[in-house]
Engineer: 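So that we are looking at the same thing, I have put the structure below in structure tokens.
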Amino acid sequence: MDAAGPTGPYSPRSADEALVVQLLAVISGDAPMTDAERLLAPDVISHMDQWTVRGITVWYDWLQFLLSKAEGSVTVEVDRMVRSGDTITAYGFLRMANAPLATRQEHQATYRIENGRIAEVWTTRGNYEMIFGPKVRHPVRWLLVLVEMAIWRRLPWRRRAPPAPQR
């Protein structure tokens with residue numbers, strides 16, 4: 001993938017923040033997707049607005065779907081992180097790697113760390129406007145994106161998620 005990694009002025013100040021930065025490197029394509037297996041809990045919970053899913057395979061499929069829509073690469077630029085208890089909120093920008101800097105989209109996501117892994121993620125569909133366009137603002141139109149992803153997950157020729165780690 002041709003992507004800049006989690007760049008920006010931010011340097012992690014703790015092992016937990018470094019864990020989040022490493023996951024953002026996976027999203028940006030600067031680290032292999034298989035690194036997600038060591039960074040995410042196998043039963044990671046992912047929240048996007050009112051929708052919640054569980055499992056590393058679903059997370060992996062979502063990332064693959066995003067990258068298929070972003071022509072293979074995104075750029076994540078971390079500006080700052082804020083810790084609150086066992087969660088870390090990362091603030092910064094997400095954009096398609098080849099988009100002009102003027103079109104960067106400010107975003108934030110929150111990560112709960114448990115036993116040295118990311119156990120829970122909170123994001124919002126607004127974080128993906130750069131990729132999906134204004135349909136992210138309309139719940140019904142966004143539901144159609146999720147239906148498209150559900151169909152896409154079942155296509156026989158797409159790359160499959162790595163097997164879930166054994167417990």
Engineer: Measure across Trp59 and Ser46 and return the closest heavy-atom pair with its distance rounded to 0.1 Å.
Structural biologist: CD1-OG, 3.9 Å
Engineer: What pair of heavy atoms forms the shortest contact from Pro139 to Trp51, and how long is it?
Structural biologist: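 Answer, listing the atom of Pro139 first, then Trp51: O-CH2, 4.2 Å.
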Engineer: Applying side chain to side chain contact (heavy atoms under 4.5 Å, CB included), run through Thr87 and Trp122 and close with a yes or a no.
Structural biologist: CA-CA 10 Å; Thr87 65; Trp122 289 267; 4.2 Å; yes
Engineer: Restricting to non-hydrogen atoms, name the atom on Ala119 and the atom on Ala41 that form the minimum distance, rounded to 0.1 Å.
Structural biologist: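 Heavy atoms of Ala119 and Ala41 come nearest at CA-CB, 4.1 Å.
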Engineer: Do Leu146 and Tyr60 sit in the same hydrophobic cluster, where Ile, Leu, Val, Met, Phe, Trp and Tyr count as joined when their side-chain heavy atoms come under 4.5 Å apart?
Structural biologist: yes
Engineer: Report yes or no: does Ser14 contribute a side-chain atom to a donor-acceptor pair with the main-chain N or O of Glu17 at less than 3.5 Å?
Structural biologist: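 Indeed, once roles are kept as given, a pair shorter than 3.5 Å links the two residues.
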Engineer: When you check the side-chain N and O atoms of Tyr128 and Thr123, is any donor under 3.5 Å from an acceptor?
Structural biologist: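 The criterion, which ignores hydrogens and geometry beyond distance, is satisfied for Thr123 and Tyr128.
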Engineer: Check whether Ser28 reaches the backbone of Val76 with its side chain - one donor and one acceptor, N or O, closer than 3.5 Å.
Structural biologist: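 Here the side-chain-to-backbone pair exists.
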Engineer: Test your reading of the model: is there a side-chain donor-acceptor pair from His107 to the backbone of Gly92, 3.5 Å cut-off?
Structural biologist: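 At least one qualifying donor-acceptor pair exists.
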Engineer: Could you state whether Trp62 and Leu155 fall into the same hydrophobic cluster, counting links through intermediate Ile, Leu, Val, Met, Phe, Trp or Tyr residues with side-chain heavy atoms under 4.5 angstrom apart?
Structural biologist: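 Looking at the clustering, Leu155 is in the same group as Trp62.
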Engineer: Can you check side chain to side chain contact (heavy atoms under 4.5 Å, CB included) on Ile88 and Val82, steps first, answer last?
Structural biologist: CA-CA 6 Å; Ile88 295 172; Val82 176; over 6 Å; no
Engineer: Do the non-hydrogen side-chain atoms of Asp16 and Arg83 ever get within less than 4.5 Å of each other?
Structural biologist: yes
Engineer: Which heavy atom of Val20 sits nearest to which heavy atom of Ala90, and what is that distance?
Structural biologist: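 For Val20 versus Ala90, the nearest heavy atoms are CG1-CB, 4.3 Å.
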Engineer: Report whether Ile131 and Leu63 are members of the same hydrophobic cluster (ILVMFWY, side-chain heavy atoms less than 4.5 Å apart, transitive linking).
Structural biologist: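 Yes: a chain of side-chain contacts under 4.5 Å links Ile131 to Leu63.
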Engineer: When rounded to the nearest 0.5 angstrom, what distance separates CE in Met33 from CD1 in Ile27?
Structural biologist: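 These two atoms lie 9.5 Å from each other.
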Engineer: Take Phe65 and Val145 through the side chain to side chain contact (heavy atoms under 4.5 Å, CB included) test and state the conclusion after the steps.
Structural biologist: CA-CA 10 Å; Phe65 180 67; Val145 170; 4.0 Å; yes
Engineer: Could you walk me through whether Leu24 and Tyr111 pass the side chain to side chain contact (heavy atoms under 4.5 Å, CB included) test, one step at a time?
Structural biologist: CA-CA 11 Å; Leu24 296 175; Tyr111 305 87; 3.6 Å; yes
Engineer: Please check this pair: side chain of Asp35 against backbone of Leu23, looking for a donor-acceptor N/O pair closer than 3.5 Å.
Structural biologist: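 No, the answer is negative, given that no donor and acceptor are paired below the 3.5 Å cut-off.
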Engineer: Between Met48 and Trp142, what is the shortest heavy-atom contact and its length?
Structural biologist: SD-CZ2, 3.4 Å
Engineer: Between atom CG of Asp61 and atom CG of Leu66, what is the distance when rounded to the nearest 0.5 Å?
Structural biologist: 11.0 Å
Engineer: With Glu148 as reference, evaluate Lys69, Arg153, Arg141, Arg154 under the salt bridge (charged side-chain N to carboxylate O under 4.0 Å, His left out) test and give the passing residue.
Structural biologist: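 When salt bridge (charged side-chain N to carboxylate O under 4.0 Å, His left out) is applied between Glu148 and each of Lys69, Arg153, Arg141, Arg154, only Lys69 qualifies.
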Engineer: Salt bridge between Lys135 and Glu129, side-chain N to carboxylate O under 4.0 Å?
Structural biologist: no
Engineer: Closer than 4.0 angstrom, basic N to acidic O: yes or no for Glu37 and Arg117?
Structural biologist: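 Looking at Glu37 and Arg117, the cut-off is not met.
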Engineer: Hey, could you give me the CD/OG1 distance between Gln50 and Thr124, rounded to the nearest 0.5 Å?
Structural biologist: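 It is 9.0 Å, given to the nearest 0.5 Å.
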Engineer: Quick one: pull up CE in Met149 and CG in Leu144 and give me the separation to the nearest 0.5 Å.
Structural biologist: 15.0 Å
Engineer: In Å, rounded to the nearest 0.5 Å, how long is the span from CD1 of Ile118 to CD1 of Ile45?
Structural biologist: 13.5 Å
Engineer: Report the distance from atom CG of Asn127 to atom CG of Asp49, rounding to the nearest 0.5 Å.
Structural biologist: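 Going from the CG atom of Asn127 to the CG atom of Asp49 covers 9.0 Å.
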